[in-house]
There are 2 protein chains.
Amino acid sequence: MSRPQRVPRAELRQAILDAARDILDREGVSGLSARAIAREVGYTAASIYNVFGSMSDILMEVNRETFVELEKLIAGLPANEPPSARLHLLCQAYISFMRRNPALWNALFGGTRHRETFPEWYAEAIRRLFGQLTHLLMAHAPGLEPERAQRLTEQLYVAIHGAVALESDRRLDILTSQSAGEIAASVLDAMLIRLKPKA
Amino acid sequence: MSRPQRVPRAELRQAILDAARDILDREGVSGLSARAIAREVGYTAASIYNVFGSMSDILMEVNRETFVELEKLIAGLPANEPPSARLHLLCQAYISFMRRNPALWNALFGGTRHRETFPEWYAEAIRRLFGQLTHLLMAHAPGLEPERAQRLTEQLYVAIHGAVALESDRRLDILTSQSAGEIAASVLDAMLIRLKPKA
DNA sequence: ATACCTTATTGAACGTTGTTCAGTAACTCT
DNA sequence: AGAGTTACTGAACAACGTTCAATAAGGTAT
């Protein structure tokens, strides 16, 4: 094989991650392999392992970028709405983001290779996302205790996760005629009504 | 390899399924392979393909048996309780069944090999499960319209699925300190309270 | 019994996967 | 120019799902 120009490690590293995302987008998670990435960046599969320790390291790094993109999307949501509306917007944004990038979602939550431990940024990213939800919940129902808001946030997210996971496996339409968005909206509405029955 | 005694197709078929479940139990879904099954039943990998068309056919057949077992478990639940208590029992039974057989759950919902279509019994099994939930919901809130009960059932199940899926990926404890059972109970309670605010 | 036919089983192969490692080429610095 | 560091590859290993021609075994008919 004719060798490509020598290139510093960091440069190849980004090329690998870009290629990985392209392949995920184009062929789905089952089309992603070390050799496929190598072909795409013009290197050999062995070169991948000079930069990343394992295939699952690459996936985790792609996941980190995915989380960053998701946070940017959420940060761009309109802020001059009542809390309940913003909660709905946030949930729908999450769902439609995952719907727009099914392979990225699959990399995030789908292919459960025996993932032993999760990196520290993983829990932090989730905490940030949950923080926004909790904050909005408390803005909507002023008297709400923080721990209860936290628990409600977690329950809401778990429900949304269930809907998106099922949809991504093409199982949701077997179970129900409701869309993931409708389910999320219903669960959220049920919560909001309970928290603020009158106004 | 010394050949085993010749045996009718149907006999080997069941041996394969039993071996598959044993392996799933023992080594998890990543330890399951055609060659592993063959080793277990004392045959060659090629023999597996005289009986089943593909590895994913075997998994689907295991899944069917799993569903049957789950239904038996549910059928054995105490019936002389008020509907709300029976709903809780059903949800907890579902969760603890999946917790007791994590690899079977993983085969059911986890490893999403490009599963093109689902067999007809799949939708039927779900319909039966959902039917019980819907029935109990309507028994609890007599005035409830069937379509609404159906939608609530679906939402409840999706939430439970989310919790179990996350727990099975060891991600639930990253998101929350609540257990899958607690989350399911909370979501169910929220539903029941809304349906019957006074008593 | 002998021949035949059907069914069960295998060995060996193909192409794929993740991963490792010794070897080589290319730059940098003295 | 020579040495040292860094980048890159070829080839291999073990495992995967899957296929298929070849073989062995059992039942049936002559």
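The basis for the numbers below is simple: all heavy atoms, side chains too, and nothing from hydrogens, waters or symmetry mates. So you know, we letter chains A, B, ... as the sequences are listed, proteins then strands, and number each from 1. Keep in mind that what you see is a predicted model, and the values were worked out from it rather than measured.
- Within the 4.5 Å cutoff, the side chain of Arg148(A) has no heavy atoms near those of the Leu137(A) side chain.
- The shortest distance between the side-chain N/O atoms of Tyr49(B) and the OP1/OP2 oxygens of dT18(D) is below 4.0 Å.
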*Let me have a per-nucleotide readout for nucleotides 4-15 of chain D, 5' to 3', with B, S or -, counting only protein heavy atoms under 4.0 Å.*
--BBBBB-B---
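- When side chains are defined from C-beta on, Arg151(A) does not count as touching Ser186(B), because their heavy atoms never get closer than 4.5 Å.
- Helical stems involving DNA chain D, defined as 3 or more consecutive Watson-Crick or G-U pairs under 3.5 Å, span C:6-30 with D:1-25.
- Arg86(B) places none of its side-chain heavy atoms less than 4.5 Å from the side chain of His140(B).
- Checked for salt-bridge contact, Arg13(B) and Glu61(B) meet the test: a charged N lies under 4.0 Å from a carboxylate O.
- Expressed to the nearest 0.5 Å, how far CZ of Arg170(B) lies from OG1 of Thr117(A) amounts to 11.0 Å.
- Using cut-offs of 30° and 60° for the angle between ring planes, the Phe109(A) and Tyr122(A) rings count as perpendicular.
- A 4.0 Å heavy-atom criterion places the boundary nucleotides of DNA chain C facing chain A at dT17(C) to dA26(C), written 5' to 3'.
- Glu69(B) is not listed as a side-chain neighbour of Thr66(B), based on a closest heavy-atom distance of 4.5 Å or more.
- Among Arg99(A), Gln92(A), Arg100(A), the one residue that satisfies the side-chain hydrogen bond (donor to acceptor under 3.5 Å, both in side chains) test with Ser96(A) is Arg100(A).
- When atom types are taken as modelled, the side chain of Glu182(B) and the backbone of Ser179(B) share a donor-acceptor pair closer than 3.5 angstrom.
- The shortest side-chain heavy-atom distance between Leu166(B) and Ile174(B) does not fall under the 4.5 Å cut-off.
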